[in-house]
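Got a structure for you, questions after.
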2 protein chains.
Amino acid sequence: MITNKRVTILNAAKNAFSLFGYKGTTVAHVAKLAHVGKGTIYTEFKNKEQLFEAVMDEILNDLDTIFQRVLHQNERSLLKVHRALYETLQYRKEHQLLIHLTEEVNIHGTQEAVSAIQKVEQFILDSLERAIAQGVEQGRLHVVNTEITAFTIYKLYIAFIVDWEEKKPPLSKEEMFQVFENHIFYGIAVRSS
Amino acid sequence: MITNKRVTILNAAKNAFSLFGYKGTTVAHVAKLAHVGKGTIYTEFKNKEQLFEAVMDEILNDLDTIFQRVLHQNERSLLKVHRALYETLQYRKEHQLLIHLTEEVNIHGTQEAVSAIQKVEQFILDSLERAIAQGVEQGRLHVVNTEITAFTIYKLYIAFIVDWEEKKPPLSKEEMFQVFENHIFYGIAVRSS
DNA sequence: CAAATGACTATTTTGTCGTTTTGGTCAATT
DNA sequence: AATTGACCAAAACGACAAAATAGTCATTTG
């Protein structure tokens, strides 16, 4: 066995949490998936919560990778921010674990699920804010308060990806970009003179 | 007694629902508040659900009044839309019943509460869309799709009035307007030439 | 006698308590 | 020394009883 114990357990846990959510996965189940005894898990992780946090950290890493990759591409600020956010939320939407956690928060009020989602949300907001600040420094964006702007853009995307799709056909990546461009970026005001 | 039976019951119900939400108010309680027998309620309303819907209709009426009043003032489109939405959401936020209903939806998944809130939300979206269409006709706004723009603006306000306040000090009416103006109306793009 | 009523019934909600499951430990095993 | 799974206390579940509530209807009332 070349992979070490910790990684093996972590992968098993990632799968289990992804399939069944936080409450839905038992430590015994993770142990079975990882082909280790239950006690072994407790030699690597203090308790179930810490195991879960380790898994979440991996996911935050994935998100970071996505953000870094997109933000280093050579595009105009606007498109960058859009692409970064869109891909992040797409990943978030597709990732079974995050879906399960969101459902868990609505059904039981699992504390772990709540703070996990908050952590992910805060991470996205922070990354977004940095991207915007970058645009401001380059003189490409006119922004009074980067935190407010990051919040605005984030909520707008969430609204379209989550709420809009509850009653209307989903917007494509390009349509989302149009909305973003027309509203946030250029504004709906008709310019006189 | 000059007020008729139906109105008396409706007022009592409005108070009761406002104080305790849908699940929290019992028909017996409404009867006592209205100083009528429980059976009397069932001569005017088919069941608890219909009584509740009658109360909700009154509230939608209030909202309509607010919208009409603001929209007939002589101001530029932007300010109108802002003011209409802000006052509507302010009313919504202050009205005990709507607060209780929102909480109810989060705790139990009361069907009545869900559809009531959806109804209110749809009403606001429709009114907003009409206000925007008006601005477009007058050549004051450049909008591709009034439904999408209404949705965008509405969600933005909700985000600031509900989510933002969970972690940051609330924005004043003027600050809200600034955000609205900077992002949706003028856009954050820096204009060259 | 038509409208109003509250005691009554059927249904839903809440509380309880014994059973099962699960997170975490630790003495036995490798 | 590292690993393990039987074991234990605590939490979750669920079946059932008790309480609360929506809705009905025979009786009362103005």
Figure out the OH/P separation between B:Tyr22 and C:dT13, and round it to whole Å.
->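 About 10 Å, once rounded to whole Å.
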Value in whole Å for how far the P atom of C:dT21 lies from NE2 of A:His29 =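 So the two atoms are 15 Å apart, to the nearest Å.
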Could you give the CD-to-P distance, from A:Glu44 to D:dT4, as a whole number of Å?
->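 Atom-to-atom, A:Glu44 to D:dT4, this comes out as 12 Å.
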Please give, in whole Å, the distance from C:dT13 P to B:Gln111 CD?
->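 Rounded to the whole Å, the gap is 13 Å.
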Just to confirm, is there a sub-4.0 Å distance from OP1 or OP2 of D:dG23 to any side-chain nitrogen or oxygen of B:Lys38?
->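 Looking at the OP1 and OP2 atoms of D:dG23, neither is under 4.0 Å from any side-chain N or O of B:Lys38.
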May I ask you to check whether A:Phe45 and A:Phe52 place their ring centers less than 6.0 Å from one another?
->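 Not close enough - the centres of the two rings lie 6.0 Å or further apart.
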So, for B:Tyr186 and A:His142, is the gap between ring centers shorter than 6.0 Å?
->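 Ring centroids of B:Tyr186 and A:His142 are no less than 6.0 Å from each other.
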Look at the rings of B:Phe180 and B:His82 and say which category their plane angle falls in: under 30° parallel, 30 to 60° tilted, over 60° perpendicular.
->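 Ring orientation of B:Phe180 relative to B:His82: parallel.
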When the nearest nucleotide of DNA chain C is assigned to A:Gly39 and to B:Gly39 on a heavy-atom basis, which residue is associated with the more 5' position?
->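 Residue closer to the 5' terminus by nearest nucleotide: B:Gly39.
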Carboxylate-amine/guanidinium contact A:Lys168 B:Glu147, below 4.0 Å |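 Looking at B:Glu147 together with A:Lys168, the answer is yes, because their closest N to O distance falls below 4.0 Å.
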In terms of the nearest nucleotide of DNA chain D, which residue is placed more toward the 5' end: A:Lys23 or A:Ile41?
->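 The 5'-side residue here is A:Ile41.
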A:His35 NE2 to D:dT3 P: how many Å, rounded?
->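 Interatomic distance, NE2 of A:His35 to P of D:dT3: 16 Å.
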Is B:Thr43 near enough to C:dA3 that one of its side-chain N or O atoms lies under 4.0 angstrom from OP1 or OP2?
->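 Result: no.
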With a 4.0 Å cut-off, would you call B:Lys119 and B:Asp57 a salt bridge?
->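 Yes, this pair counts.
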Can you find a side chain N or O atom of A:Thr40 that sits less than 4.0 Å from OP1 or OP2 on D:dT4?
->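 For A:Thr40, the contact criterion (side-chain N or O under 4.0 Å from OP1 or OP2 of D:dT4) is met.
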What integer distance in Å separates B:Asn47:CG from D:dC25:P?
->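 So the two atoms are 15 Å apart, to the nearest Å.
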Tell whether B:Lys48 reaches the base of D:dG23 with its side chain through a donor-acceptor pair below 3.5 angstrom.
->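 No such pair is found, so the answer is no.
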Output the single nucleotide from C:dT5, C:dT25, D:dA22 whose closest atom is nearest the side chain of B:Val36.
->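 For B:Val36, the side-chain atoms sit closest to C:dT5.
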Please determine if a side-chain N or O atom of A:Lys5 lies less than 4.0 Å away from the OP1 or OP2 oxygen of D:dT3.
->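 Yes, because at least one side-chain N or O of A:Lys5 sits under 4.0 Å from OP1 or OP2 of D:dT3.
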What is the distance, rounded to the nearest whole Å, between atom NZ of A:Lys32 and atom P of D:dG5?
->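 So the two atoms are 10 Å apart, to the nearest Å.
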Atom CD of B:Glu104 and atom P of C:dT13: how far apart are they, to the nearest Å?
->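 That distance rounds to 12 Å.
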